[in-house]
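The next block holds one structure in the form of structure tokens; read it before the comments.
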Amino acid sequence: MDVSRIKGAHDWDFPVPEITAEAIDDFIAALARDEKHFMDIYYDAVDSCSREMSNERDEMVIRNYYLGNEWMDDVRDSA
């Protein structure tokens, strides 16, 4: 899958803790490899690591984008 349009951890205008950034990077890399059978692992990692964020609003933005599949809109828009 072309993941070039999916926002990475450093594309946000607020700080993302390193542990959350690593989970996001792994999630995006798994999408790029089309790891359809193992995506639950990556969703779970983003879910648990996003709880490390200090700002609840920012946490929800991250959770909605990656866990709520809002990233799919960016992929569709590039097609």
Side-chain angles (χ1 to χ4, degrees):
M1 169 186 290
D2 179 12
V3 298
S4 61
R5 302 280 306 225
I6 299 174
K7 292 180 185 174
H10 303 289
D11 293 329
W12 299 100
D13 62 351
F14 50 79
V16 176
E18 190 61 32
I19 191 168
T20 308
E22 289 174 8
I24 290 169
D25 291 345
D26 290 346
F27 175 84
I28 294 170
L31 288 172
R33 294 188 303 266
D34 288 323
E35 289 193 22
K36 296 175 182 137
H37 300 291
F38 301 104
M39 284 310 296
D40 287 349
I41 295 168
Y42 300 101
Y43 275 100
D44 289 346
V46 173
D47 181 31
S48 62
C49 292
S50 66
R51 297 175 194 280
E52 296 296 319
M53 300 191 63
S54 59
N55 182 299
E56 189 174 318
R57 183 198 64 83
D58 296 346
E59 175 188 346
M60 290 311 301
V61 168
I62 292 293
R63 294 174 66 74
N64 289 339
Y65 187 77
Y66 298 103
L67 304 177
N69 295 324
E70 289 179 3
W71 58 269
M72 288 182 180
D73 293 338
D74 291 340
V75 172
R76 273 192 292 272
D77 290 346
S78 69

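Count residues from 1 along the sequence.
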Determine the minimum heavy-atom distance between [X] and [Y], stating which atoms define it.
X	Y	value
E52	T20	CB-OG1, 4.2 Å
I6	V75	CG1-CG2, 3.6 Å
L31	M39	CD2-CE, 3.5 Å
M53	E59	SD-CA, 3.8 Å

Between V3 and M72, is there shared hydrophobic-cluster membership here, with clusters defined by ILVMFWY side-chain heavy atoms closer than 4.5 Å?
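Same cluster.
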
Same hydrophobic cluster for M1 and I28, using side-chain heavy-atom links shorter than 4.5 Å among ILVMFWY?
yes

Short question: side chain of R63, backbone of G68 - any donor-acceptor pair under 3.5 Å?
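Such a contact is absent between R63 side chain and G68 backbone.
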
Would you give the length of the straight line joining atom [atom1] of [X] to atom [atom2] of [Y], rounded to the nearest 0.5 angstrom?
X	Y	atom1	atom2	result
D40	E35	CG	CD	12.0 Å
E70	K7	CD	NZ	8.5 Å
R33	F38	CZ	CZ	10.5 Å

Tell me which donor-acceptor pairs under 3.5 Å the side chains of residues 8-16 have, and how far apart each pair is, sequence neighbours excluded?
residue	atom	partner	partner atom	Å
D11	OD2	G8	N	2.7
W12	NE1	G8	O	3.4
W12	NE1	Y66	OH	3.3

Is there a donor in the side chain of Y43 and an acceptor in the side chain of N69, or the other way round, less than 3.5 Å apart?
yes

Take a 6.0 Å sphere around CD1 of I19 and say whether it holds more than 12 heavy atoms from other residues, nucleotides or ligands.
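Atom CD1 in I19 is not crowded, with 12 or fewer foreign heavy atoms closer than 6.0 Å.
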
